[in-house]
Amino acid sequence: MDKFVSTWSDGKTLPENYVFSTEMRPGEHVPVSKNIPVIDLGKAVGLDRKETIQKIIEASQEFGFFQVINHGVPQTVIDDARTAYQDFFDLPTEEKLKLCSSDISQKCIYYTSNVVYDEEDIHAWRDSLRHFCSPLEECIHSWPQKPTKYREVVGKYVTEVNEMGTRILELISEGLKLGVGYFANELSQEQYLSIHCYPPCPDPSLTLGLRPHCDTGLITILLQGTVAGLQTLTDGQWIGVEPILDAFVINIGYQLQIVSNGKLHSVEHRAVTNKDETRMTAAFFIEPKGDCIVEPAKALINAENPPIYKSVKYAEFVQVFREAYLGKIKNALEPYMITSTSSLSTE
Ligand SMILES: O=C(O)CCC(=O)C(=O)O
Ligand SMILES: [Fe+2]
C-alpha cells in the first residue's frame, strides 16, 4: 500500500502522475491577499450585531470566503484537537492503513489524493483522514482508536465547531431575511470532518494538494493553521488566503448558493503544497441530509426575483458533484440552473 504520499515520498522526486496539465498547474507566484474579510464573531451580540451580519453577507457575496476570530471555540479545544490530528498522522503506516478504504460509504476512512483515486489520471499531493460526525454518539465509534485521546478531544472539537457553525448560519439566515432557525433542520444535520496532510513537495509549482473545487454543502469551517496553501479564485485570479493562527476560514457551499437563490457565492478554491513544511488542515463540513430537498428559499422569490435553481435532492447533487470534480462535467450547479445554457443548446 505505497500509494500514500507520506509513505513513499523522499521529498526529492515528483512522479509524473502528480504533474498536472499546464492549465491546472499552480505556477510559482500566487500573492496572499489581505482582502478576504476577517470578522470578529464576538461582535455578533449586542450593538454591533447588525454590522457583523452585514460583513458576513458582503464577504459571502463578494469572496464566498471570510475568516472568523473571537469565535468562541476554546483555545484548549483547538490545541488538543490539533495535537490529536498530528499524532494520528505520526502513527506507523500499518496503524493508519487499518482505516484505509475507497468505500465512500464508510464512516471513517484514511485515503490519499481523492476517495476515487483509481479513477484519477493525476493524483493530488495529500493524505487525508475523513470521518462523519453526526450523530456524534454513533459515529465516534468508527473514529481512530489511536492516538488514544483522539475520540475524546476531536469529539469536543467537532461539538464546539458545529455550535459555532450553527451561530454563523443563524447570522446568515438573519442577513438573508429568512427568519430565525431557517437552517436549523435537515438542511444542516449532516456533518463530517476531513483532516488533510500535505507533506513537503519537491516542486509545488507543478502539482496540487487539492484540485480546484467548490464545497458541496452549506458551509465549511477550516482550521488552516500557519502554513499558507489555500487559494481562492477571485475575479479570475488565484489568491492565497492569509493563514491566521486559530482563526477559522469559512466558505459558502453550493447548497447555500442554491438556498440564497444565487445571492451568496460558492467560490472555487484549491490547496497548493510547499517545499519545506508539512501542512495540516481540518475541514468541517455542514451539509444537508442525503434525502433533503434543497431549493431557493421561498422568502427570496417574487416576480422580480424568480428562482434561478431547480429543487434538488442533496444525495443526487453530490453524485453530479463527483463527476464535476473529476472534470467529467464543467460545473456541478449547471444541471440545476433554470436559466441554463440548455435553452441555447437546443438552437
Ligand atoms: O486544506 C485546505 O486548505 C482546503 C481544504 C478544502 O478545501 C476541503 O477540504 O474542501
Ligand atoms: Fe473545499
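Both counts, for ligands and for their atoms, begin at 1 and track the order of listing. Please read these numbers as outputs of a predicted model, since none were measured by experiment.
In terms of protein heavy-atom proximity, atom 2 (C) of ligand 1 is nearest to Tyr198 OH, 3.4 Å. Of all protein heavy atoms, the one lying nearest to atom 9 (O) of ligand 1 is His196 NE2, 2.7 Å.
Within the listing of ligand 1, atoms 1 (O), 2 (C), 3 (O) sit less than 4.0 angstrom from a heavy atom of Arg279. Interface atoms of ligand 1 facing Asp215, defined by a heavy-atom separation under 4.0 Å, are 10 (O). Near His269, meaning under 4.0 Å from any of its heavy atoms, are these atoms of ligand 1: 7 (O). In the vicinity of Thr281, heavy-atom distances shorter than 4.0 Å reach the ligand 1 atoms 1 (O), 2 (C). Interface of Ala283 with ligand 1, defined as ligand atoms under 4.0 Å from a residue heavy atom, comprises 9 (O). Annotation for ligand 1: atoms under 4.0 Å from non-hydrogen atoms of Leu230 are 3 (O), 4 (C). Taking a cut-off of under 4.0 Å to the non-hydrogen atoms of Phe285, the atoms of ligand 1 that pass are 8 (C), 9 (O), 10 (O).
For Tyr336 and Tyr254, the gap between ring centers reaches or exceeds 6.0 Å. Note: Phe248 and Phe284 fail the aromatic proximity criterion, with ring centroids not under 6.0 Å apart.
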Evaluation steps, side-chain contact (heavy atoms from CB on, under 4.5 Å), between Leu333 and Ile258:
CA-CA 9 Å; Leu333 269 186; Ile258 294 176; 3.8 Å; yes
Could you please spell out the steps behind the side-chain contact (heavy atoms from CB on, under 4.5 Å) verdict for Cys133 and Trp143?
CA-CA 9 Å; Cys133 301; Trp143 295 3; 4.1 Å; yes
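Cation-pi check for Lys3 over Tyr117 is met; the charged atom lies under 6.0 angstrom from the ring centroid and within 45 degrees of its normal.
When the heavy-atom distances from atom 5 (C) of ligand 1 to Val227, Leu223, Leu210 are ranked, the shortest goes to Leu210.
Atom CD1 in Ile109 sits 8.0 Å away from atom CZ in Phe132 (nearest 0.5 Å).
Of the charged side-chain nitrogens involved, at least one lies within less than 4.0 Å of a carboxylate oxygen, so that Arg82 and Asp246 count as a salt-bridged pair. Using a cutoff of 4.0 Å between basic side-chain nitrogens and carboxylate oxygens, Glu94 and Lys98 are not scored as salt-bridged.
Note on the Fe ion (ligand 2): protein N, O or S atoms under 2.8 Å away count 3, no waters included.
Remark: ligand 1 and Gln224 share no N or O pair separated by less than 3.5 Å (distance only, no angle test). Considering both main-chain and side-chain atoms, Ser194 never comes within under 3.5 Å of ligand 1 through any nitrogen or oxygen pair.
A side-chain N or O of Ser134 and one of Glu190 form a donor-acceptor pair less than 3.5 Å apart. Judged purely by distance below 3.5 Å, without hydrogens or angles, the side chains of His196 and Ser128 pair a donor atom with an acceptor atom. For the residue pair Gln106 and Arg130, no side-chain donor N or O sits within less than 3.5 Å of a side-chain acceptor on the partner.
Not a single donor-acceptor pair under 3.5 Å links the side chain of Asp276 to the backbone N or O of Pro200.
Neither the backbone nor the side chain of Thr220 has any atom closer than 4.0 Å to an atom of ligand 1 (non-hydrogen atoms only).
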